[in-house]
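The block underneath contains the structure these notes are about, expressed in C-alpha cells.
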Amino acid sequence: MLKHLACAAALALVAACSPTGGGGPALPPLDATRSGQEARLLFGAERAPAGGPSEVIGGYSRGCLSGARELPETGPTWQAMRLSRNRNWGHPVLVDYVQELSARVAAETSWNGLYVGDMQQPRGGPMLTGHVSHQSGLDVDIWMLPPRRLDLTEAERESLSSISTRSARGARVGENWTAEHMEVMRLAASDPRVARIFVFTGAKVWMCDNATGDRSWLRTIRPANGHHYHFHVRLNCPPGSRDCEAQAAPPPGDGCDEARARAEAILNPPPPDPDYVPPPPRGPMTLAELPRQCAALLSEG
C-alpha cells in the first residue's frame with residue numbers, strides 16, 4: 001500500500017516506481033532532497049564521462065549518456081570550437097559521424113572540413129546554458145562558417161564567431177549563404193544514421209528551389225527557429241541503447257510546401273489571436289524529471 005502511495009505522489013518519477021527503472025539492474029532509491037535539484041547544475045558540474053558501456057538514455061531533450069566518447073579537439077578535417085564549454089562529447093556513433101562527415105566535406109566541397117559546435121556534456125543531461133536538447137549524446141551543431149584554418153589555438157576557438165546566413169528574419173538566405181552550404185547539408189542529410197537536420201526556414205526554401213537530381217535527402221531537413229549560424233544534426237537511436245527514445249519519423253514528402261508557407265508567414269505574419277493565452281513558464285528541469293537511470297550516472301557529492 002505504501003509503495004502505491006509513493007508512486008502516486010511522484011508521477012514525474014514513473015520509472016522510479018519500477019524496480020529496474022528501465023529493464024536493467026535494480027536502481028537505488030533516489031534521495032528526496034536531491035531529486036528536486038536542478039539537473040543542469042548536477043550534469044553541468046561533471047567534467048568526465050561515466051564509465052560503463054556507451055548507452056543513450058531517454059530522449060534528446062530529457063536524457064543522459066553513459067560511456068560517452070570525446071571528439072578530439074582537432075583532426076585532419078575538423079576542429080571542435082568553444083573548448084571551455086566541455087561539450088565535445090557524444091555517443092561513439094555521433095563522434096564517428098562527425099569525423100566521417102568532415103572528411104567527406106573536405107573531399108567533395110571547397111570547404112577544408114568543419115568547425116564543430118556544441119555536442120553534449122560528458123554525461124549528457126541538461127546544460128547550464130543554451131540548448132534544451134543535446135542531452136542524450138546524439139546531437140551536434142555544425143558551424144556555417146567554412147573553415148579557413150584547422151590549426152586554431154584554444155584562444156582563437158573562443159573568440160572566433162560563425163557567420164549568419166539568413167536575411168528577412170529568416171524567411172530568406174543572406175549574402176553569406178552559398179551553394180556549398182547546401183552541398184554540405186546534403187552530405188550531412190544523406191547518411192542513414194541521421195534522424196533530422198534543423199536549419200532556418202529560408203535555407204530550406206532555397207534548397208527546395210535549387211536542389212536537382214535525387215532530392216530524397218530534403219525530407220530529413222526541417223525548418224527551426226534560429227539555426228542560421230549553425231545547422232543542427234540529430235542522429236537516430238544507435239543499436240544497443242534500449243532506453244533511447246527515438247525521434248519521430250519526418251512527415252511524408254520533402255517538406256518544401258510547408259517551408260514556403262512558413263517563410264510567407266514570417267514575411268507577412270497573421271494578426272495575433274486575441275484569445276491566445278501563453279502557457280505558464282516552467283522552471284528548470286529537476287533530476288526527478290529525467291529518466292531514473294540518469295541519477296546513477298552522477299558523481300557522489
Side-chain angles (χ1 to χ4, degrees), residues 10 12-73 75 80 83 85-100 116 118-128 131-141 193-195 233-247 285-301:
L13 261 178
V14 173
C17 301
S18 164
T20 65
L27 295 169
L30 182 59
D31 177 80
T33 300
R34 202 179 198 203
S35 69
Q37 291 183 309
E38 291 186 28
R40 62 176 182 158
L41 300 179
L42 299 171
F43 281 91
E46 299 288 354
R47 307 305 296 171
S54 299
E55 187 174 0
V56 173
I57 300 168
Y60 307 95
S61 300
R62 194 185 72 91
C64 55
L65 175 66
S66 68
R69 188 167 130 206
E70 185 178 20
L71 176 72
E73 295 175 1
L83 298 178
R85 297 178 179 178
N86 197 27
R87 294 176 180 177
N88 56 316
W89 299 84
H91 189 279
V93 168
L94 180 67
V95 175
D96 289 345
Y97 170 83
V98 170
Q99 293 174 327
E100 291 165 16
V116 182
D118 286 351
M119 293 170 61
Q120 272 73 206
Q121 300 173 137
R123 303 187 189 196
M127 293 185 176
L128 289 170
H131 313 279
V132 173
S133 61
H134 290 254
Q135 293 192 28
S136 63
L138 299 173
D139 293 296
V140 58
D141 290 341
R193 292 171 290 188
V194 174
V233 180
R234 171 171 293 170
L235 300 188
N236 291 302
C237 289
S241 289
R242 62 183 177 182
D243 293 311
C244 177
E245 297 174 10
Q247 171 76 54
M285 185 178 291
T286 65
L287 185 59
E289 294 174 275
L290 290 175
R292 184 66 180 84
Q293 303 95 308
C294 292
L297 299 182
L298 293 168
S299 303
E300 295 297 326

Rounded at 0.5 Å granularity, tell me how far NE2 in H91 sits from OG in S66. 8.0 Å
Taking all atoms of both residues into account, what is the closest heavy-atom pair of A195 and Y60, and its distance? CB-OH, 4.5 Å
Looking at every heavy atom in both D139 and S133, which two are closest together, and how far apart are they? OD2-CB, 4.1 Å
Spatial distance of atom CD (Q99) from atom CG (L71) [nearest 0.5 Å]: 6.0 Å
Quick check: do H134 and M127 have side-chain heavy atoms less than 4.5 Å from each other? yes
Which atom names give the shortest non-hydrogen contact between R123 and L298, and what distance separates them? NH1-C, 3.9 Å
Start with the C-alpha gap between Q247 and R234, add the side-chain angles, then the distance that decides, and say whether side-chain contact (heavy atoms from CB on, under 4.5 Å) holds. CA-CA 9 Å; Q247 171 76 54; R234 171 171 293 170; 2.8 Å; yes
Side chain to side chain donor-acceptor pair (under 3.5 Å) partners for E38, two or more places apart: R40
Would you say that H131 contacts R87 through its side chain, given a criterion of any heavy-atom pair below 4.5 Å between the two side chains? yes
Gap between atom SG of C244 and atom CG of N236 - 0.5 Å precision: 8.5 Å
To the nearest 0.5 Å, how far apart are CG in L290 and OG in S35? 11.5 Å
Does any part of the side chain of R193, heavy atoms only, come nearer than 4.5 Å to the side chain of D96, both counted from C-beta? yes
Which heavy atom of P291 sits nearest a heavy atom of G63, and at what distance? CD-CA, 4.2 Å
Are T286 and Q37 close enough that some pair of their side-chain heavy atoms sits under 4.5 Å apart? no
What's the spacing between M285 CE and Q135 CD if we round to 0.5 Å? 5.0 Å
How close do A80 and P72 get, counting heavy atoms only, and between which atoms? CB-O, 4.4 Å
So do L65 and W89 actually touch side chain to side chain, heavy atoms under 4.5 Å? no
If we only count heavy atoms from C-beta on, is the V56 to V93 side-chain gap below 4.5 Å? no
Show the nearest heavy-atom pair for residues S54 and S241, with the distance to one decimal. O-OG, 4.4 Å
Heavy-atom side-chain contact between E46 and S299 under 4.5 Å: yes
State whether a side-chain donor-acceptor pair under 3.5 Å links S136 with Q120. no
Distance from R69 atom CZ to N88 atom CG, nearest 0.5 Å? 12.0 Å
